[in-house]
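The structure appears below as structure tokens.
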Amino acid sequence: MRSFVKGSKDISGDLITRIFSLSDEYVIYEIKTPHISDSIKIQIDTIIEEDKILIERFDKIRLKYNQVKGLLYKVNDDTSLKTRIAHILSQGLTADTDSCNTEFDNLIYEININYRDQFNHRLSYIVTIMILTLISISVSVVIHCNNYSNHLSIINEMIYLISAGCLGGFISVSRRLNAMIFEKDVHRAIYVIYGIERIFISVVGSIIIYFSIKSNLIFGLVNELDKPIYGFIVFGVLAGFSETLIPNLLIKLENDQ
């Protein structure tokens, strides 16, 4: 068992990235693999070959152990969970297997509850952004179809820009949603506020980019197009999509000044 060290390979040829628990007769460790449910492994090698106690104990907890491993994809901090799995597994191999199975059941319940909360938070966040985006686009369509405020072209352009910024923000959030980490034990209303905040940032970004183009500070060629509104919309989407475009623009303007 002493040959199992971080950076070495196990008997299957997998690279060992972490040792969770090591004794004279078993080792629980993590390997490098794209499949997270296979990343934690256990190797049992008793000193006395005929001694089957550890194997018999492991057989009693194998089912729950595999169930927990199958839920690893649901957690954000998988290293912390693997440490807990290894601790429970070690207890099951050296002490009472019944209490070990109970702890695994509790862990399964906790993972599923946290995953449900994460899903609800994610849903609240993206639905808020989607609703605000649809509202802004609907207003733009109505104004365009009815030709409201035609004598104030700048107002029309601003409304279209706001819709473009919202759309860019929605696209940005949608493509990164699964990678985003949502805090536990937080009321869902907080993520509604976060969604409003994200759209507000997108709208502000699109407005800043609009006036920057209008004043020829950047991308002044848009003003020379036959229909510059199309260029405004494109850059409005870009400003809502990119969270770094406007900060970088402001830094550039500050340095130029």
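Hydrogens, waters and symmetry mates are skipped; everything else that's a heavy atom, side chains included, is used.
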Over all heavy atoms of both residues, which pair between [X] and [Y] is shortest? Give the atoms and the distance, please.
{"X": "S206", "Y": "I162", "answer": "OG-CA, 4.0 Å"}
{"X": "A86", "Y": "F20", "answer": "CB-CB, 3.4 Å"}
{"X": "S90", "Y": "I28", "answer": "OG-CD1, 3.4 Å"}
{"X": "V203", "Y": "C166", "answer": "CG2-SG, 3.7 Å"}
{"X": "S12", "Y": "K41", "answer": "OG-NZ, 3.6 Å"}
{"X": "S215", "Y": "S212", "answer": "OG-O, 3.2 Å"}

What is the distance from atom [atom1] of [X] to atom [atom2] of [Y], rounded to the nearest 0.5 Å?
{"X": "H144", "Y": "I229", "atom1": "NE2", "atom2": "CD1", "result": "10.5 Å"}
{"X": "I137", "Y": "T133", "atom1": "CD1", "atom2": "OG1", "result": "6.0 Å"}
{"X": "S202", "Y": "L167", "atom1": "OG", "atom2": "CG", "result": "10.0 Å"}
{"X": "L161", "Y": "K214", "atom1": "CG", "atom2": "NZ", "result": "9.5 Å"}
{"X": "I44", "Y": "S23", "atom1": "CD1", "atom2": "OG", "result": "9.0 Å"}
{"X": "I40", "Y": "T33", "atom1": "CD1", "atom2": "OG1", "result": "13.0 Å"}

side-chain contact (heavy atoms from CB on, under 4.5 Å) between F58 and L54, worked out: CA-CA 6 Å; F58 179 66; L54 278 182; over 6 Å; no

Donor-acceptor contact below 3.5 Å, side chain [X] vs main chain [Y]:
{"X": "T83", "Y": "T79", "answer": "yes"}
{"X": "D10", "Y": "I16", "answer": "no"}
{"X": "S242", "Y": "L238", "answer": "no"}
{"X": "S163", "Y": "S136", "answer": "yes"}
{"X": "H35", "Y": "S37", "answer": "no"}
{"X": "S172", "Y": "G168", "answer": "no"}

Do the non-hydrogen side-chain atoms of [X] and [Y] ever get within less than 4.5 Å of each other?
{"X": "M180", "Y": "Y125", "value": "yes"}
{"X": "V186", "Y": "Y194", "value": "no"}
{"X": "T94", "Y": "Y26", "value": "yes"}
{"X": "H121", "Y": "R188", "value": "yes"}
{"X": "N156", "Y": "I143", "value": "yes"}
{"X": "L72", "Y": "K82", "value": "yes"}
{"X": "F182", "Y": "L177", "value": "yes"}
{"X": "Y230", "Y": "L225", "value": "no"}

Ring geometry between F104 and Y65 (parallel below 30°, tilted from 30 to 60°, perpendicular above 60°):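 Tilted: the ring planes of Y65 and F104 meet at 30° to 60°.
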
Derivation and outcome, side-chain contact (heavy atoms from CB on, under 4.5 Å), residues V75 and N114: CA-CA 8 Å; V75 300; N114 289 337; over 6 Å; no

Working for side-chain contact (heavy atoms from CB on, under 4.5 Å), residues I19 and L22: CA-CA 7 Å; I19 301 294; L22 178 65; 4.1 Å; yes

Output field: ring centroids Y29/F4 closer than 6.0 Å: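 Yes - the distance between ring centres of Y29 and F4 falls below the 6.0 Å cut-off.
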
Same cluster or not: [X] versus [Y], using hydrophobic residues (I, L, V, M, F, W, Y) connected whenever any side-chain heavy atoms lie under 4.5 Å apart?
{"X": "I108", "Y": "L63", "value": "no"}
{"X": "Y73", "Y": "I181", "value": "no"}
{"X": "V234", "Y": "F211", "value": "no"}
{"X": "I208", "Y": "I159", "value": "yes"}
{"X": "I207", "Y": "Y160", "value": "yes"}

Residues I42, L93; criterion side-chain contact (heavy atoms from CB on, under 4.5 Å); working and verdict: CA-CA 11 Å; I42 178 173; L93 293 175; 3.5 Å; yes

Residues E157, Y210; criterion side chain to side chain donor-acceptor pair (under 3.5 Å); working and verdict: CA-CA 9 Å; E157 291 177 349; Y210 172 76; 2.5 Å; yes

Identified side chain to side chain contact (heavy atoms under 4.5 Å, CB included) partner of Y109 from the options I113, I111, D105: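 Testing Y109 for a side chain to side chain contact (heavy atoms under 4.5 Å, CB included) against I113, I111, D105 leaves exactly one candidate, I113.
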
Residues R84, E110; criterion salt bridge (Lys or Arg N to Asp or Glu O under 4.0 Å); working and verdict: CA-CA 12 Å; R84 293 177 63 183; E110 179 184 334; 3.0 Å; yes

Residues D14 and K9 bridged, charged N to O under 4.0 Å: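 No, D14 and K9 are not salt-bridged.
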
Check: N101/K60 side-chain N/O donor and acceptor closer than 3.5 Å: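 No, no side-chain donor-acceptor pair sits under 3.5 Å.
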
Stepwise side chain to side chain donor-acceptor pair (under 3.5 Å) check, T97 with R57: CA-CA 7 Å; T97 55; R57 286 178 175 173; over 6 Å; no

Side chain to side chain donor-acceptor pair (under 3.5 Å) evaluation trace for T17 with E30: CA-CA 6 Å; T17 57; E30 178 188 56; 2.9 Å; yes

More than 12 heavy atoms from other groups under 6.0 Å of CZ on R176: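 Buried by this count: over 12 neighbours within 6.0 Å.
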
L15 CG: over 12 foreign heavy atoms closer than 6.0 Å: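 Check passes, neighbour count above 12.
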
